[in-house]
Novice: 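The structure's right below; bear with me while I get my questions together.
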Amino acid sequence: MSENKLIEEEQPVVEAGVHNYSSEDKWVKPEDPLLLERLEWFKDQKLGLMMHWGPYSQLGLVESWALSDKDAEWSRDGIDWDIDAEELKRQYFDLNKTFNPLRFQPDLWADLAADNGFKYLNFTTKHHDGFCMWDTHTTDYRITGPDCPFHRHKYADITKNLFDAFRARGLGISAYFSKADWHTPYYWAPGMEAGSFTSRGPSYNPKEYPWLWEQFVQFTHQQIMELMTRYGRIDVLWLDAGWVNDYRDQNIRLGEVVEEARKIQPWLLSADRTVGGPYENLITPEQTLPERALHVPWESCITMGTSFSFRYEDRYKSVRQLIHLLVEIVAKGGNLALNIGPQPDGRLPETAISRMKGMGEWLKVYGDAIYGTRTCEPYSVQNVHFTQKGDTTYAFYLYKDEQEEVAGEVHLPLQTEPSRIDLIGGQEMLDYRRTENGIAVRLPERELHGTAPIAHVFRIR
């Protein structure tokens with residue numbers, strides 16, 4: 001049994017409907033022509049590199065969530081040393097004192113992404129734990145803070161160096177930012193009615209302590225504006241922690257700061273995920289695929305392994321699985337933000353690098369059927385998926401593993417009448433015939449021998 005085959009059997013398949021995301025009918029179309037133009041740009045990109053990275057990578061645990069007592073049941077299953085909840089929080093918040101990724105090479109990451117078909121970076125500037133991966137002036141709990149041993153390194157401002165490196169290679173920049181902050185006393189304020197019990201929300205009622213909540217709002221606005229004014233061109237402000245929103249008690253007046261940012265960066269897209277409304281310009285399913293095509297801008301964030309943050313001895317999806325995910329997402333109108341968790345020493349895991357290169361090899365041949373395409377009926381039917389660019393239709397016939405039999409004829413459930421069908425990366429002008437439910441395409445003899453490819457990709461005109 002091949003290594004890839006073993007991984008495919010061990011790794012669970014991503015399922016539809018597992019995680020919450022905004023419904024298509026709640027999407028609000030922007031009125032600004034520039035934002036509409038940028039949404040078309042976003043829909044062209046198809047493949048982004050997402051990265052969850054911070055001091056938590058040292059533990060190999062899920063990012064941030066173990067700090068929340070309310071989320072303990074699922075977030076602390078990897079905590080196997082003798083420790084109580086309060087000591088865990090103290091140890092977690094002290095991880096900044098040992099985070100020292102001396103082997104960090106931002107240019108190497110950017111080259112790897114650009115050379116292998118990734119079109120933009122979505123990087124966690126701050127997760128819910130409040131640790132800032134940029135040189136913020138709002139808190140010492142930052143990568144350049146005096147308690148962090150990395151603060152003297154030439155790449156100490158990790159966000160700046162990553163954004164600059166990826167931008168220099170022509171890739172777009174998406175800045176992940178958590179609206180919640182579990183480190184600042186403006187959010188988890190000591191001595192409040194919640195006591196030592198922590199949950200996702202603030203430790204106090206914002207309506208009862210409006211002056212304290214206003215400090216948090218100003219703190220959040222200042223952090224966002226730092227990223228928007230000191231870190232070059234930002235294409236997407238990707239906002240997490242949907243429970244912090246302007247429609248409930250945790251109103252941070254997001255529209256106010258986004259519009260302020262757009263005075264400087266008028267092209268800025270906003271992804272106020274799971275909230276809906278005018279500042280969720282793109283919908284963001286997590287670890288899941290929609291069951292059907294969505295006709296609004298969307299991006300599915302899916303992990304290459306089993307975790308968003310670095311996990312020791314993680315299990316990675318095979319190149320075949322990753323390409324199949326990408327194809328189905330693109331056929332349904334979305335982008336894939338593929339997440340890799342960097343190691344605590346500043347390197348990317350070797351298996352992750354291998355998978356990126358494997359995807360890149362495939363995309364160098366078949367990328368025309370992916371990038372810049374739009375949806376095409378019937379979108380996705382079992383293992384067959386369609387995209388379209390101009391008057392050209394592309395059909396992907398996927399093979400679940402290399403042992404699957406390759407039949408002499410491939411059936412495509414397409415009702416249009418083609419003038420020619422070519423096999424991308426292979427023979428042109430294939431023979432085909434009309435059937436009751438579509439088109440049967442005759443594969444060349446040489447395609448019927450050996451292991452099954454990741455996919456046969458057809459260009460239909």
Novice: Once you measure the plane-to-plane angle for His128 and Trp65, does it fall in the parallel (<30°), tilted (30-60°) or perpendicular (>60°) bin?
Specialist: perpendicular
Novice: With sequence neighbours left out, what residues match Arg292 under salt bridge (charged side-chain N to carboxylate O under 4.0 Å, His left out)?
Specialist: Glu24
Novice: Do Leu269 and Leu237 make a side-chain contact, defined as non-hydrogen atoms from C-beta onward lying under 4.5 Å apart?
Specialist: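 No; the side chains remain at least 4.5 Å from each other.
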Novice: Is there a side-chain contact between His127 and Tyr176, using heavy atoms and a 4.5 Å cut-off?
Specialist: yes
Novice: Can you list everything that forms a side-chain hydrogen bond (donor to acceptor under 3.5 Å, both in side chains) with Gln427? Sequence neighbours excluded, please.
Specialist: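 For Gln427 there are no side-chain hydrogen bond (donor to acceptor under 3.5 Å, both in side chains) partners, ignoring immediate neighbours.
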Novice: Once the angle between the rings of Trp109 and Phe104 is folded into 0 to 90°, is it parallel (under 30°), tilted (30 to 60°) or perpendicular (over 60°)?
Specialist: perpendicular
Novice: Heavy atoms only: give me the nearest Trp41-Gly172 pair and the separation to one decimal.
Specialist: CZ2-CA, 4.2 Å
Novice: Salt bridge between Lys160 and Asp135, side-chain N to carboxylate O under 4.0 Å?
Specialist: no
Novice: Strictly by ring pair (Phe, Tyr, Trp, His ring centres under 6.0 Å), give each pair with a member in residues 319-358 just once, sequence neighbours left out.
Specialist: none
Novice: Using a strict cut-off of less than 4.0 Å between a Lys/Arg side-chain nitrogen and an Asp/Glu carboxylate oxygen, indicate whether Lys332 and Glu291 qualify as a salt bridge.
Specialist: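 Salt bridge: no.
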Novice: What I'd like to find out is whether the side chain of Leu268 reaches to under 4.5 Å of the side chain of Met228, using heavy atoms alone.
Specialist: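 Touching, per the 4.5 Å side-chain cut-off.
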Novice: At what distance, to the nearest 0.5 angstrom, does CH2 of Trp182 lie from OH of Tyr92?
Specialist: 8.5 Å
Novice: Counting N and O atoms only, with roles assigned by atom type, does the side chain of Ser307 sit under 3.5 Å from a partner on the main chain of Phe310, one being a donor and the other an acceptor?
Specialist: no
Novice: Output every pair passing side chain to side chain donor-acceptor pair (under 3.5 Å) with a member in residues 442-458, not counting sequence neighbours, ordered by first then second residue.
Specialist: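 Every pair satisfying side chain to side chain donor-acceptor pair (under 3.5 Å) with a residue in residues 442-458: Tyr399-His456, Glu445-His449, Glu447-His456.
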Novice: Which residue pairs satisfy the salt bridge (charged side-chain N to carboxylate O under 4.0 Å, His left out) criterion with at least one member in residues 44-66, sequence neighbours excluded?
Specialist: Asp44-Arg374
Novice: Tell me, please, which residues at least two apart from Arg262 pass salt bridge (charged side-chain N to carboxylate O under 4.0 Å, His left out).
Specialist: Glu259
Novice: If you look only at pairs with a residue in residues 336-374, which of them pass as a ring pair (Phe, Tyr, Trp, His ring centres under 6.0 Å), with sequence neighbours excluded?
Specialist: Trp362-Tyr366
Novice: Given side chains that start at C-beta, do those of Thr124 and Met133 come closer than 4.5 Å, heavy atoms only?
Specialist: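 Side-chain contact under 4.5 Å: no.
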Novice: For residues Trp53 and Phe99, establish whether the separation of their ring centroids is below 6.0 Å.
Specialist: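 Centroid separation for Trp53 and Phe99: below 6.0 Å.
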Novice: Provide the full list of ring pair (Phe, Tyr, Trp, His ring centres under 6.0 Å) pairs with a residue in residues 254-304, sequence neighbours left out, each pair given once.
Specialist: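 Listed by first then second residue: His295-Tyr379.
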Novice: Any Lys/Arg nitrogen of Arg461 or Asp391 sitting under 4.0 Å from an Asp/Glu carboxylate oxygen of the other?
Specialist: no
Novice: Tell me yes or no: between the side chains of Asp272 and Ser270, is some donor less than 3.5 Å from an acceptor?
Specialist: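 Per modelled atom types, Asp272 and Ser270 side chains form no pair under 3.5 Å.
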Novice: Could you pull out all residues at least two apart from Asp345 that satisfy salt bridge (charged side-chain N to carboxylate O under 4.0 Å, His left out)?
Specialist: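 So Asp345 forms a salt bridge (charged side-chain N to carboxylate O under 4.0 Å, His left out) with Arg103, Arg347.
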Novice: Would you call Arg200 and Asp71 a side-chain contact if the rule is heavy atoms closer than 4.5 Å?
Specialist: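 Side chain of Arg200 against side chain of Asp71, heavy atoms only: contact under 4.5 Å found.
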Novice: Would you mind reporting whether Val406 and Pro453 have side-chain heavy atoms less than 4.5 Å apart?
Specialist: yes
Novice: Got a sec: does the CZ of Arg248 have more than 12 other heavy atoms crowding it under 6.0 Å?
Specialist: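 At most 12 heavy atoms, drawn from other residues, nucleotides or ligands, come within 6.0 Å of this atom.
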Novice: For the pair Lys179 and Asp240, find out whether any cationic side-chain nitrogen is under 4.0 Å from an anionic carboxylate oxygen.
Specialist: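 The answer is no: the pair does not qualify as a salt bridge.
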Novice: In chain order, what residues pass the salt bridge (charged side-chain N to carboxylate O under 4.0 Å, His left out) check against Glu428, with sequence neighbours excluded?
Specialist: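 Per chain and number, Glu428 pairs via salt bridge (charged side-chain N to carboxylate O under 4.0 Å, His left out) with Arg420.
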Novice: Could you tell me the separation between the NZ atom of Lys26 and the OG1 atom of Thr274, rounded to the nearest 0.5 Å?
Specialist: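 Between Lys26 NZ and Thr274 OG1, I get 12.0 Å after rounding to 0.5 Å.
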Novice: Please tabulate, one pair per line, all N/O donor-acceptor pairs under 3.5 Å involving side-chain atoms of residues 28-39, not counting sequence neighbours.
Specialist:
| unit_1 | atom_1 | unit_2 | atom_2 | d |
| --- | --- | --- | --- | --- |
| Asp32 | OD1 | Leu34 | N | 2.9 |
| Arg38 | NH2 | Asp235 | OD1 | 3.0 |

Novice: With a 4.0 Å cut-off, would you call Arg230 and Glu226 a salt bridge?
Specialist: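 Glu226 and Arg230: salt-bridged.
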Novice: State, to 0.1 Å, how close Phe150 and Tyr155 come at their nearest heavy-atom pair, and which atoms those are.
Specialist: CE2-O, 3.4 Å
Novice: Angle between ring planes, Phe216 versus Tyr187, binned at 30° and 60°: parallel, tilted or perpendicular?
Specialist: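 Phe216 vs Tyr187 ring planes: tilted.
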Novice: Can you list everything that forms a side chain to side chain contact (heavy atoms under 4.5 Å, CB included) with Lys357? Sequence neighbours excluded, please.
Specialist: Leu112, Asn116, Ile353
